[in-house]
Amino acid sequence: MLQIVNRKDRFILLKKNLASFWGIYRRNTMGIAGLVILVCFALMALIGPYFVTYTSAAEGIEKVLQPPSAEHWLGTDDLGRDVFAGVVIGSRISLVVGLAATVISMVIGAVIGIVSGYYGKTLDALLMRLTDIFLVIPWLPLMLVMAALLGPSLGNIILVIGITGWAGTARIIRSQTLSIKERPYVERARAIGSGDLHIMLHHILPNVFPLIFANTILVAAVAILSETTLSFLGMGDPTSISWGMMLHFAFEMGAVAFGAWWWLIPPGICVVLVVLGFTFIGYALDEVLNPKLRRR
Amino acid sequence: MTALVDVDQLEVHFTARAGLLRSMFGRETPVVRAVDGVSFTLGKGEILCLAGESGSGKTTTGKAILRLVEPTAGKVYYAGEDVRAYNRSKLRSFRQEAQIIFQDPYESLNPRQTVFNIVAEPLEVNNLCHSLAEKEERVARALIDAGLHNPQELFLRYPHELSGGQRQRLAIAGSLVLDPKFIVADEPVSMLDLSIRAGILKLMVDLRDQKGISYLFITHDLSLAWLVSDRIAIMYLGKIVELGSADTVIKDPLHPYTRALVSVIPAPRRKVITRQSLLKGETPDPVNVPPGCRFHPRCPVALPRCREEVPPYREVRPGHFAACHLING
Amino acid sequence: MALLEVNDLTTYYKLKEGTVKACEGVSLHVDKGEALGLVGESASGKTTVALSLMKLIPENASIIGGSIKLDGKELVTATEEEMQKIRWKEISIIFQGAMNALNPVHTVGDQIAEVLKIHEKLTDKEARQRTRDLFEKVEIDPDRVREYPHEFSGGMRQRAMIAMAIACNPKLVIGDEPTTALDVMVQAQVLQLLHHLRQEIDMGLILITHDLSVVGETCDKVAVMYAGRIVELGPTETVFTRPAHPYTRALLAAFPDIEGERTMASSIPGNPPNLLYPPPGCRFHERCSEVIPVCREEQPPTITINDQHYASCHLLSRRVKS
Amino acid sequence: MKMRGFILNKLGQTVLIIFVVLVINFFLFRIMPGNPVRILIRNPKISAEALQRVTEQFGLDQSKFVQFGYYLRDLCLGDLGHSFVYRRPVLDVIMEKLPPTLLLTGTATVLSIILGILLGVIFAWKRGSKLDVAGLSLSLVLYSMPSFWVGILMVMLFAVYWKIFPLFGMSVPGTSFASIWGRLADLLKHMFLPTVTFTLILIGEYVLIMRNSLLEVMSEDYMLTAKAKGVSGRNLLRRHALPNAMLPMVTLIAMNLGFIVGGAIQVETVFSWPGLGRLMYTALMGRDYPLLQGIFLFVTVCVVGANFCADLLYRYLDPRVKT
């Protein structure tokens, strides 16, 4: 959108768009709930780690595997570490991994979707076969195999989740691009002499953007779940504590049989809440951006 | 009147979609003969109407002239130059002079662009304006020319904030900003309510009178064709079957198909029971074009030879062309 | 005796933004075997009238007041079970856009046979035979009963919809833009078919359309709707030759007539009002060329011009008074 | 396109996908950072003799293409390599672990599909009611839970806290049963928790999609036609809405097959269910690469094959794609 008259007008427009979007969005209870949850967790991840300490207890055995108390709100783990502190610190890794992987997925998905849909023909056929393969291959085994081969590190986990999660998005973006490509305004753009890149940037992208946005939210939910699962299955980086990593240690150390629910439940609830938050927002966006659903 | 656009035996064939394996095994893919040998000329400042039912190839003809669809065969001359031989830069300057207006004003405007962006985009794409002030002025002038007054107020609006009539005017403004000499108007009013149609048509005719813009006006509605155009060409299954001045084609049609079409022109004061020549069936699929005269299966007066011989397209009377075996020259 | 008598029918839609007054104080009647054309531009409330008559309005809409009497039986207060028996047996509807109005996973024949099985309690075999007869009646090859909707052309789908609508010989058929989106030639064929069928089985017809010419060709009476209200109602001949309401006059003037002068038709300035916030007084006053002050404040009364011809306009009531 | 052409086309695509999977599978394990011998040596349990065997088996001294050729040849002969941990052919190990997995995933898949469709229909039919809101919220929560965590909760609640069901495994080790019925009862007891867990994991999405798809269908014009025709209640649903609403479900069920595999890994790990999923986890933990590779290949080919079947089913259900 390069052609806006001047900066002031651009600001007016942005305000106008946001206001009309917010006007519809705020009536959606689910969407607001999701937003509140995510804002809370974002704050927790941003500033929380500066207020807690997550170290092994010095005093020894009596501080180990303690149920919740005034001193340790969520009890302690097998090394006497405060579970609440672990949850707070883990939020940062979980969110960062989830979001970074989402960005990778969305960039790959959007680019492949738009290019494939716009150019069509052989390129489309090739890209869509590739997408089919990524859609069909069971993603957890693939991720596990890749993570096992690449070795456990944060970067690898992000990469693995990112490059296995784009296919669904590419499919959706492609079909939307196909439909937008046929709209007369794209033909009009060609008729006034626009090139392919101009059309993709100024006509296709702005019109698939809402879809990309809504999809990003849903992919983020899946990415966070994937991180948790991979870490739980021992493919995470043991030096950086995430919720999944906490659950991995808890499970491996027999917290289930010991009945140490305070060690197993809080990280899980955090994952559920964050994923729910994203899902709620995703659903709300779908309703806001898709007028056909709004009628209901 | 000198010819601005000269179309000579234009053909556009589409191949139906073929799968990878299908093409590998070399099976024949069905060919859609959307436009199959169309010739006409359009004079400077003339309004020529291409009329016909859906599937007649009228829209494809319009798009092929602008090379929005690549012709399969035939020639298109614009101001004496071969449009099909244009290179990239020539095509660019051609597209500044030759514009298209689409049927659906709801679909032909990008919903995420503002009024200003829509009208300024052609200037931007073609690098025609260097200062903002100049751009603003040209956009405003185009909007006023298209009958949208106080343009500054509209600049930051989105298409969905305008009414149907306003949108179509906006689409016209988006063409006018480049000072076009030739506009293909593809059913420009068929999506609009009757009460606002006339305003758009009047605008288009006024622009011709003031700026000398030539139009190829594509419509399925013969009464509209008759109202706005100088000459009318009737298309059926990818071919022109009759072409002549608006009054003669409507008041004294030669081809049986034209006669049938004229007899069903919607008019409030006509009764359906009085209709004599209501055609049977529907226009066949352009994949299976009948041999001989392609109208013969539905023609009420077909002769045996119509089934085999393609009728020649010839000038029956001065300026009045038709393709039918039954017409004696 | 009137087959259908509608009095003061009022239907509103509830949206988050407010109430859409889609249909207000609509009164009309159709005699046995008579055809009434209901004409209006987009969003004038004509489809709402059709759905109200069938009591098929969406969940967010409700009939606020008025009465609908079919053969003397009140429909507004009828229960859903009663309506299920009345629908299609006595009053049926042809929807616009037949592609979406037919279920894509069933054959066209099955969908017609279903009606016969429900209402006439026919067996499979009987229903299949009747379906073939109906196909013949609407001029489709009976062997195509086994095809799916997507295998039909637009015109054939609309014919199939007509066959479905007349399957139980209803007393009244509502056609909601049955010919929109069809080519002129096919449109004329479908209209002619409707006309013949109507004479054959003596059914009443309400033809809803935005196209005046469609009405002129097929209807005995015409009702002109503007912004949720009927502004003029009368015999087609009279309304078209001596229109009483300025809106009707303007609409007729906007129609190019190839038998008249080749002069540019005229348009009506402005746009139809948003029915969320209809203007006070006469709803047409903002676009009317003959507006007088009272139009902006008071809703015009319905004036009887002569037997069978009514219009709602302040100018007329003045003329009547003076 | 005719049916035969369609099947051929789909079959071609499926074969292509399987081939690409083979290539990925082969190269993933060979062109990872560092040389392949290193990766293999990272396994602490490997003995010198095993290393020798591995190097020979993979033909690591030869070119990649020759290696790929060997690999394909071995695959055709049913040779998926030799497990480090089990010291047996990979295929044998997989086949041994397959029945428990099929039993568990099969039961859970069928249950979740049936229940998911049923509940989705009920919620859509009663949309806006308290039941719908409650069901919808529960489905969303289930959909948001990590699968293994659902399992952990179930174990803690029913096996640790209430001690109703056994903690793990498929049978109590070392016991012998008097009759086949006793054996069956024991199996059912062990199977109950994992099956319920698995069903819960899968059901959320099925309910949501079924409900949405049915709601979408119910707003279509042909539903209004059906209603106007006097089609009532159950018939409206059964004859007109469901056949259309089932189409996205078939697609989803096919797409979800990969997800089911992922679920099996997690559920079997948590419950120590002696199936393929658990096997994959042990292979991962023990860095048993040949086994890992074998399982991945086996599972992927199964999922791709199942997808092929789903495509055929879809075509059968939707008349629009038949001609």
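Both backbone and side-chain heavy atoms feed into the values below; hydrogens, waters and symmetry mates do not. Lettering of chains follows the sequences in order, A, B, ..., and the numbering in each one begins at 1.
Note: B:Tyr86 and B:Phe94 have tilted aromatic rings, judged against thresholds of 30 and 60 degrees for the angle between ring planes.
Of all the heavy atoms in B:Tyr158 and B:Glu161, the pair that sits closest is N-OE1, 2.6 Å.
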Subject >> Audit row: B:Gln113, A:Tyr185, side-chain hydrogen bond (donor to acceptor under 3.5 Å, both in side chains) steps and yes/no >> reply: CA-CA 11 Å; B:Gln113 281 187 317; A:Tyr185 59 78; over 6 Å; no
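Per-residue heavy-atom pair counts under 4.5 Å with chain A were compared for B:Ile101, B:Leu109, B:Val184, B:Ile100, and the maximum is reached by B:Leu109.
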Identify every side-chain donor-acceptor pair in residues 108-119 of chain A under 3.5 Å, counting partners at least two apart or on other chains, and give the distances.
from, atom 1, to, atom 2, distance (Å)
A:Ser116, OG, A:Asp124, OD1, 2.3
A:Tyr118, OH, A:Asp196, OD1, 2.8

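No side-chain donor from either of A:His202 and B:Glu124 sits under 3.5 Å from a side-chain acceptor of the other.
In terms of the salt bridge (charged side-chain N to carboxylate O under 4.0 Å, His left out) criterion, residue partners of B:Glu70 (sequence neighbours excluded) are, by chain and number, B:Arg67.
If you measure heavy-atom distances from B:Glu107 to chain A, the contacts under 4.5 Å come from both the backbone and the side chain.
For residues 125-147 of chain A, the salt bridge (Lys or Arg N to Asp or Glu O under 4.0 Å) pairs, not counting sequence neighbours, are A:Arg129-A:Asp132, A:Asp132-A:Arg171.
For residues 142-152 of chain B, heavy-atom neighbours of chain A at less than 4.5 Å comprise no residues at all.
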